[in-house]
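Just below is one structure, and these are the notes that go with it.
Keep in mind that the numbers below use all heavy atoms, side chains included, and drop hydrogens, waters and symmetry copies.
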Amino acid sequence: MAESSDKTQTGKTVVIGIDGSQNSLFAIEWYASHVHRHDDHVILVYCVEMSEVLTSSDWYHSPNPGDVDAFKTILDHEVKKVQSRLEEFGELLKRLKLNGVVKSAQAPKPGEGILRVAKEENASMIVTGTRGLGKIRRTLLGSVSDYLVHHSPVPVLVCRFKEKK
């Protein structure tokens with residue numbers, strides 16, 4: 001005989017990788033209109049790749065690449081850019097009327113950061129956009145969606161944006 005539970009069923013935790021591109025915005029909007037349930041908890045994950053910060057063109061304009069103050073200025077500027085993006089994504093959650101939060105994750109590759117947050121948050125599903133690269137370009141350049149599909153322990157919904165012709 002099955003035991004009855006007094007707990008009310010809660011929705012799923014959904015992690016959505018977002019970078020502000022048209023593809024990632026399409027993915028979150030598609031999720032919101034086709035999959036989202038009112039009791040779902042959405043976590044938008046913005047991955048910050050520190051290698052981009054460290055290879056910033058701002059370094060080339062610095063009088064002395066070993067200058068600690070120049071490094072601090074560039075790093076502070078990058079932190080402000082990340083904070084601004086997180087605020088943008090928070091507004092997107094509100095606009096789409098999704099219950100959730102925005103998180104940043106540092107990782108060598110965006111797919112790794114998204115998976116780490118999904119595991120930490122015990123996600124039920126991951127949603128991602130895709131650029132729709134061909135097999136050769138995807139093999140050479142790599143693909144976040146491809147990485148997620150092959151390494152995720154939970155289902156991955158890949159939303160492909162098709163431009164109108």
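Side chains of Val48 and Arg85 form no contact here, defined as non-hydrogen atoms less than 4.5 Å apart. Side-chain contact between Leu25 and Leu92: present, with at least one pair of heavy atoms (C-beta onward) separated by less than 4.5 Å. When side chains are defined from C-beta on, Leu44 does not count as touching Leu98, because their heavy atoms never get closer than 4.5 Å. Two residues are said to be in side-chain contact when any heavy atoms from C-beta on lie closer than 4.5 Å; Ile114 and Cys47 meet this criterion. Contact annotation: the side chain of Lys103 approaches that of Glu121 to within less than 4.5 Å [non-hydrogen atoms, C-beta and beyond]. Asn99 is not listed as a side-chain neighbour of Asp40, based on a closest heavy-atom distance of 4.5 Å or more. Counting only heavy atoms from C-beta outward, the side chains of Pro110 and Val45 never approach each other to under 4.5 Å. Between Lys80 and His77 there is no side-chain heavy-atom pair separated by less than 4.5 Å.
For the residue pair Asn23 / Ser21, no side-chain donor-acceptor distance below 3.5 Å is found, with atom types taken as modelled.
With rounding to the nearest 0.5 angstrom, the CD atom of Glu112 is 10.5 Å from the CG atom of Leu148. Considering CZ of Phe89 and CD1 of Ile18, their distance stands at 4.5 Å, rounded to 0.5 Å. In this structure, OG on Ser143 lies 11.5 Å from NZ on Lys109, to the nearest 0.5 angstrom. Residue Arg37 holds its CZ atom at 6.0 Å from NZ of Lys12, rounded to the nearest 0.5 Å.
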| task | Go through the steps to decide whether Leu115 and Ile126 satisfy the test side-chain contact (heavy atoms from CB on, under 4.5 Å), and finish with yes or no. | result | CA-CA 8 Å; Leu115 278 185; Ile126 297 173; 3.7 Å; yes
| query | Does the side-chain contact (heavy atoms from CB on, under 4.5 Å) test come out yes or no for Val101 and His41, once each step is laid out? | reply | CA-CA 8 Å; Val101 296; His41 180 71; 4.2 Å; yes
| Checking side-chain contact (heavy atoms from CB on, under 4.5 Å) for the pair Glu78/Lys81: CA distance, chi angles, key distance, verdict? | CA-CA 5 Å; Glu78 292 300 320; Lys81 280 181 15 183; 3.4 Å; yes
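Gly129 and Ala27 make their closest contact through N-CB, 3.6 Å (heavy atoms, listed as atom of the first residue, atom of the second, distance). Minimum interatomic distance between Phe26 and Arg160 (heavy atoms only, all atoms of both residues): CE2-O, 3.5 Å. Summarising the geometry of Val15 relative to Ala123, their closest heavy-atom pair is CG2-CB, 3.7 Å, with the distance given to 0.1 Å. Residues Asp19 and Ser24 come closest through the heavy atom pair OD1-OG, 3.0 Å.
Arg95 has a carboxylate O that lies under 4.0 Å from a charged side-chain N of Glu29, or vice versa, which qualifies the two as a salt bridge.
Each of Ile28, Val127, Ile43 was compared with Val14 under the side-chain contact (heavy atoms from CB on, under 4.5 Å) criterion, and only Val127 meets it. Remark: of the listed residues Val35, Val149, Thr128, Val35 is the sole one forming a side-chain contact (heavy atoms from CB on, under 4.5 Å) with Leu157.
More than 12 non-hydrogen atoms from other residues, nucleotides or ligands lie less than 6.0 angstrom from NE2 of His34.
Val102 and Val79 fall into different hydrophobic clusters, defined by Ile, Leu, Val, Met, Phe, Trp and Tyr side-chain heavy atoms under 4.5 Å apart, directly or through other members.
Thr13 places no side-chain N or O within 3.5 Å of a backbone atom of Asn122 that could act as its donor or acceptor partner.
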